[in-house]
Amino acid sequence: MGDITKGQTSFYSNAEGYWKDVAPTVDGMLGGYGSISNIDLNGSKAFLQKFLGEGEGKTGSGCALDCGAGIGRITKRLLLPLFSTVDLVDVTEEFLEQAKTYLAEGGERVGKYHCCGLQDFVPESGRYDVIWIQWVIGHLTDDHLVDFLQRCQKSLRPNGLIVIKDNVSYEGVVPDDVDSSVCRDLDIVHGLVSRAGLSIVHEEQQMDFPKEIYQVHTLALR
């Protein structure tokens, strides 16, 4: 990602500009693939429930963080049903404003709305049982992703979990000039996770997505 890193400022500002023009809807959040939302959420729930519950090593259900939350699609259908409190962070203020309406039912259990890019966001120390990072790591440079994961680790409660769910390329780093992001292959993602000092405790490929999009993998990290 050398070339992108050199143009770091425009990499982030171009992405912010792109998202400001996206409709604050489920379809907008999913780039026109709103029809996959149920498949995505059902897969995520099955993945996450492997770790939640009572007993040694199980992850608590007190508080979760939705990173790149948009209008709160994941918060509403995945995190609020499983956690007592959910915080949201997103770089686009309009999305978070829409989230307050979209999450009106159950919204009293939304803790905090943070309007901030993940490259600058510092989650509260020791607050979260689960940090959910979906379809947003491509908007971070390698170094910023590593730094963010390290900050996330410090914000976990005992037995807490960081989950990355994202597209992976078939080989190398594939830039997307439209939304100013990149898609990394799985080996590169694994390497960045390792650089952050985290271990992958479980990994799955999301099934039943349209064949024309990149594979999507979910990684649980501690």
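Numbering starts at 1 and runs along the sequence shown.
The only member of D40, D27, D66 that meets salt bridge (Lys or Arg N to Asp or Glu O under 4.0 Å) when paired with R73 is D40. A side chain to side chain contact (heavy atoms under 4.5 Å, CB included) with L96 holds for exactly one of D90, V89, I71; it is D90.
Residue L30 comes nearest to G34 through the heavy atom pair CD1-CA, 3.8 Å, listed as atom of the first residue, atom of the second, then distance.
Rounding to the nearest 0.5 Å places NZ of K58 at 11.5 Å from CD of E56. Here CG of L192 is found 11.0 Å from CG of D147. Values are rounded to the nearest 0.5 Å. Here the straight-line distance linking atom CD of E204 with atom CG of L219 works out to 10.0 Å at 0.5 Å rounding. Taken from NE2 in H144 to CZ in F121, the straight-line distance is 15.5 Å, to the nearest 0.5 Å. Expressed to the nearest 0.5 Å, how far OG of S37 lies from CD1 of I74 amounts to 8.0 Å. Distance SG/C67 to NZ/K165: 15.0 Å, rounded to 0.5 Å.
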Worksheet item: Between H139 and Y12, is a ring-ring contact (aromatic ring centres under 6.0 Å, His included) present by the stated rule, with each step listed?
Response: CA-CA 7 Å; H139 283 300; Y12 289 117; 8.6 Å; no
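Note: Y214 and Y170 have tilted aromatic rings, judged against thresholds of 30 and 60 degrees for the angle between ring planes.
Under the 3.5 Å distance criterion, with hydrogens and angles disregarded, no donor-acceptor pair is assigned to the side chains of N159 and R222. When only modelled atom types and interatomic distance are considered, S181 and D179 share a side-chain donor-acceptor pair under 3.5 Å. Between the side chains of T92 and K20, no donor-acceptor pair of N or O atoms lies under 3.5 Å. Looking only at atom types and distance, the side chain of Y102 has no donor-acceptor partner in the side chain of E97 under 3.5 Å away.
With S180 contributing its side chain and F11 its backbone, the two residues share a donor-acceptor pair below 3.5 Å. Proximity of a side-chain donor or acceptor of D166 to a complementary backbone N or O of Q134 within less than 3.5 Å is not detected. With hydrogens and angles disregarded, no donor-acceptor distance shorter than 3.5 Å links the side chain of S155 to the backbone of S125. For D129 (side chain) and G160 (main-chain N/O), no donor-acceptor pair under 3.5 Å exists by modelled atom type.
Using a 4.0 Å cut-off between charged nitrogen and carboxylate oxygen, E124 and K112 count as a salt-bridge pair. Salt bridge status for R195 with D142: absent, with no side-chain N to carboxylate O gap under 4.0 Å.
The environment of K50 atom NZ is dense: over 12 non-hydrogen atoms of other residues, nucleotides or ligands sit within 6.0 angstrom.
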